[in-house]
Amino acid sequence: MPNKLFIIVLAGLCLGIYAGYLGNDFVFDDQVLVEQNPLIKSAKLLPAVFKTEIYEYWSGPQSFDRMYRPLQMLSYFLDYRLWGNLPAGFRLTNLFLHLINAVLVFYLLSVLFKNRLLAQCSSILFLVHPVQISVVAYISSRGDILSGLFILAACILFLRFLDGSHYLFFSLSLLASLGAFLSRENAIFIGIFLALVGFYHGGLKRRYGVIAGFLALTFFYFVLRLLVFGGSGLALHPNALSGLARAVNGYNLFLRYVFLLLFPHDLGMFHTTPFIHKITALDFGFLVCGLFVLAVFLSFWKRLNLSFRILTFGSLWFILGLLPAYFYFDAYPALGRALMAESWLYLPSIGFLVIAVSLGLSSKTGKLILLALAIIFAFITAASRADWRNNAVFYERITRFLPDDNIIQKNLAAAYIQDGDFDRAVAVIRRLEKYYPDTPVTEGLWGQYYLARGSCALALEHFNRILVKNFFTNYLVSLCYAKMHNLDQSVAYSRLSLKQNGLYRPNIIHLAMLLESAGQTEESGKFLLLAQELDPKQR
């Protein structure tokens, strides 16, 4: 199939599979990063995305694991200029970028292995595999798509440089690498990715010095993080595990990620598994089984007509791509378990799929299996669109794969409250109370519940039990007092919320209305102008 026709086929597949997702709402962090984010809506505030981490305007600066992704935020700014606050527009961009990545996978594998059919089948499976849903359908995963795009582009441009020694391609590869650094933190391994593709391409022999330019760029990236964030720019979360225990848990997760690619069912964005502190008989059996299957596979690779070159490249790419997961699986101590995220498979899945396709193309039966898998995967991906319809549906699904005490249950309760599904909200809050009694988590949810039901006095009782209130809680307290016609208290709490977060537009508009009611029209007008500056498209 000619390249142009193949790209048209890829585009048709991508649109056909993911078109059903375009009508879904903003979910999870989309509301913070996109829907309510003033930094992506105002050209005046846009420079702040190069000086802050992506959640800083909402939750304040963190002391470690800081997410510096200015290109992700810049892409949202461009989306907003085109689509406004329409979720379909942002998802359409994700869909388009995913299509580009599938095309880049095709070109990269074509150049490396000179096998068009292998490259075509691998790119199709990459495009339709259900594990990619949590990246394409989830707007907040834009960083994964962008970093994947820039890493793949850097690899292709680097190979073009090795083919002809044209330093234009070397410079473009450096530029693409910089784009990857500014999109997601996994780009710190880009020098290894380039060394890997250069080695298997064959053009890197006796020219390993060219990798120094990318290592220098990596050093520059670390310096940039230090300049922007100070010492916290290089700080990682405190490790829950170290040494042998970390290696054992990392291997356990490696096997589970392979299983997820082989059998992509019950997908829910996040998965957790208990930490292995002491190896039980069940753990030992699972780990040994994984080693046994791997050993058998390697011992029969020649009989399977699997190219050793493809086998080793795919394995190394997969392992390299999963390195961030190894460092971050214990980053959320509140879970008490090792975290797995389907989005962490976006780039490494290429290595796994090229091995699977090479194996399938070795026989007629294998080719039929590949065709069947592509059809099944495409069907699963298209049929999963309802799981991302809105926040309530989304949280219902992902909490199924997390322990009962997971803190994400609070998001599910809040979604039910927002939808007016109060009975379900109460059930979730009471379930959370078993694990978090008399804490800001449950007190805040009860406050939101009673506020939504119009019982402002009861809402205030719960909000006032929270000793340290954040800007959002103070905003809700102000709403309570406003509904109780206590103008002075409402203004006081709204001003306090504004002091804690001067960019939260709903509170600014609320304060402007309060001041107008109090006859302070001049100050009210100033706040309305500020609200318009934060979102010029909203009048």
For this session: Please indicate whether K364 has more than 12 foreign heavy atoms, meaning atoms of other residues, nucleotides or ligands, lying under 6.0 Å from its NZ.
Result: no
For this session: Show the numbers, then the answer: is there a side chain to side chain contact (heavy atoms under 4.5 Å, CB included) between F329 and F275?
Result: CA-CA 10 Å; F329 69 79; F275 288 124; 3.8 Å; yes
Just distance, no hydrogens or angles: give the donor-acceptor pairs under 3.5 Å from side chains in residues 169-177, sequence neighbours left out.
from	atom 1	to	atom 2	distance (Å)
S171	OG	Y167	O	2.9
S173	OG	A154	O	2.8
S177	OG	S173	O	2.8

Exercise. Is a side-chain donor or acceptor of S42 paired with a backbone partner of L39 at a separation under 3.5 angstrom?
Worked result: no
Exercise. Are side-chain heavy atoms of F77 and R81 found at a separation under 4.5 Å?
Worked result: yes
For this session: Kindly assign one of parallel, tilted or perpendicular to the pair F158 and F214, based on the angle between their ring planes and the thresholds 30° and 60°.
Result: perpendicular
Seminar exercise, completed: In short, A392 meets D419 closest at the heavy-atom pair CB-OD2, 3.5 Å
Exercise. Distance-only, no hydrogens or angles: does the Q72 side chain make a donor-acceptor pair with backbone N or O of S140 under 3.5 Å?
Worked result: yes
Problem set entry | Electrostatic pair D25-R389, nearest N-O below 4.0 angstrom | no
Exercise. So do I139 and R91 actually touch side chain to side chain, heavy atoms under 4.5 Å?
Worked result: yes
For this session: To the nearest 0.5 angstrom, please state how far the CD1 atom of I133 sits from the CG atom of D387.
Result: 7.5 Å
Exercise. Between R184 and G143, which heavy-atom pair has the shortest distance, and what is it?
Worked result: CB-O, 3.7 Å
For this session: Please determine which of R337, R256, E342 meets the side-chain hydrogen bond (donor to acceptor under 3.5 Å, both in side chains) test together with H271.
Result: E342
Exercise. How many angstroms lie between atom CG of L261 and atom CG of L353, to the nearest 0.5 angstrom?
Worked result: 6.5 Å
For this session: Look at the side chain of H237 and the backbone N and O of D65, then say whether any donor-acceptor pair between them is shorter than 3.5 Å.
Result: no
For this session: Side-chain contact test, heavy atoms from C-beta onward, threshold under 4.5 Å: evaluate it for F181 versus T218 and give yes or no.
Result: yes
For this session: Might you work through the side chain to side chain contact (heavy atoms under 4.5 Å, CB included) test for L267 and L260, ending with a clear yes or no?
Result: CA-CA 9 Å; L267 298 177; L260 198 59; 3.9 Å; yes
For this session: Could you grab the distance from atom CG of L92 to atom OH of Y21, nearest 0.5 Å is fine?
Result: 15.0 Å
Exercise. Ion pair present between R66 and E56, side-chain N to carboxylate O less than 4.0 angstrom?
Worked result: yes
Problem set entry | Check: S362 side chain, L359 main-chain N or O, donor-acceptor pair, under 3.5 Å | yes
Exercise. Tell me, do I151 and F189 make a side-chain contact under 4.5 Å, heavy atoms counted?
Worked result: no
Exercise. Within the distance-only criterion (no hydrogens, no angle test), does the side chain of S384 pair as donor or acceptor with the backbone N or O of I380 below 3.5 angstrom?
Worked result: yes
For this session: Check the angle between the aromatic planes of W58 and Y504 and answer parallel, tilted or perpendicular using the 30° and 60° thresholds.
Result: perpendicular
For this session: Would you confirm whether D163, through its side chain, and R160, through its main-chain N or O, come within 3.5 Å as a donor-acceptor pair?
Result: no
Problem set entry | Expected output: side-chain S141 to main-chain S134 donor-acceptor under 3.5 Å | yes
For this session: Over all heavy atoms of both residues, which pair between L33 and Y76 is shortest? Give the atoms and the distance, please.
Result: O-CD1, 4.0 Å
Problem set entry | Parallel, tilted or perpendicular: ring planes of H98 versus F126, cut at 30 and 60 degrees | tilted
Seminar exercise, completed: dist Y107:OH -> S123:OG (nearest 0.5 Å) comes out at 10.5 Å
Problem set entry | Distance-only polar pair, side chains of Y416 and E396, donor-acceptor under 3.5 Å | yes
For this session: Would you indicate whether the side-chain heavy atoms of L162 and H201 approach each other to under 4.5 Å?
Result: yes
For this session: For side chain to side chain contact (heavy atoms under 4.5 Å, CB included), just list the numbers for Q120 and F106, CA-CA rounded to whole Å, side-chain angles, deciding distance to a tenth of an Å, and then say yes or no.
Result: CA-CA 6 Å; Q120 289 176 341; F106 164 68; 3.4 Å; yes
Seminar exercise, completed: Exactly one candidate in W317, F313, F193 meets ring pair (Phe, Tyr, Trp, His ring centres under 6.0 Å) with Y200; the answer is F313
For this session: Name the orientation class of the two ring planes belonging to F422 and Y449 (parallel below 30°, tilted from 30 to 60°, perpendicular beyond 60°).
Result: perpendicular
Exercise. Salt bridge or not for E185 and R69, using N-O below 4.0 Å?
Worked result: yes
Exercise. For L370 and L125, what are the C-alpha separation, side-chain angles and deciding distance, and is it a side chain to side chain contact (heavy atoms under 4.5 Å, CB included)?
Worked result: CA-CA 9 Å; L370 285 178; L125 286 180; 4.1 Å; yes
Exercise. Do R142 and D79 sit within salt-bridge range, that is, some charged N less than 4.0 Å from a carboxylate O?
Worked result: yes
Problem set entry | Beyond-backbone contact of L95 with C14, side-chain heavy atoms, under 4.5 angstrom | yes
Problem set entry | Polar contact flag, side-chain donor to acceptor under 3.5 angstrom, N186-Y346 | no
Problem set entry | Minimum heavy-atom distance between L109 and S122, given as atom pair plus value | CD1-CB, 3.4 Å
Exercise. With under 30° as parallel and over 60° as perpendicular, where do the rings of F28 and F394 fit, or are they tilted in between?
Worked result: tilted
Problem set entry | Side chains of Y80 and N37, donor plus acceptor under 3.5 Å | no
Exercise. Is R424 salt-bridged to D421, going by a charged N under 4.0 Å from an acidic O?
Worked result: yes
Exercise. Hey, is the main chain of L168 close enough, under 3.5 Å, to the side chain of H166 for a donor-acceptor pair?
Worked result: no
Exercise. Are any non-hydrogen side-chain atoms of R309 and F113 less than 4.5 angstrom apart?
Worked result: yes
Exercise. Just wondering, do F150 and L71 contact through their side chains at under 4.5 Å, heavy atoms?
Worked result: yes
Problem set entry | Gap between atom CZ of F352 and atom CG of L262 - 0.5 Å precision | 3.5 Å
Seminar exercise, completed: In terms of heavy-atom contacts, R385 and N24 come closest through O-ND2, 3.0 Å
Exercise. Is a side-chain donor or acceptor of Q132 paired with a backbone partner of L127 at a separation under 3.5 angstrom?
Worked result: no
Problem set entry | Aromatic centroids of Y68 and Y221 separated by under 6.0 Å | no
Problem set entry | Sub-6.0 Å ring centroid separation between F318 and Y257 | no
Exercise. Just by modelled atom types, is the I145 backbone N or O under 3.5 Å from a matching donor or acceptor in the N101 side chain?
Worked result: yes
For this session: Would you mind telling me which of I124, V128, L15 makes a side chain to side chain contact (heavy atoms under 4.5 Å, CB included) with L10?
Result: I124
Problem set entry | Geometric class of the F90/F26 ring pair [parallel <30°, tilted 30-60°, perpendicular >60°] | perpendicular
For this session: Considering non-hydrogen atoms only, spot the tightest contact between V34 and I40 and give its length.
Result: O-CD1, 3.6 Å
Exercise. Distance from L99 atom CG to L104 atom CG, nearest 0.5 Å?
Worked result: 9.5 Å
For this session: Consider only side-chain N and O atoms of Q409 and R431, and report whether a donor and an acceptor are under 3.5 Å apart.
Result: yes
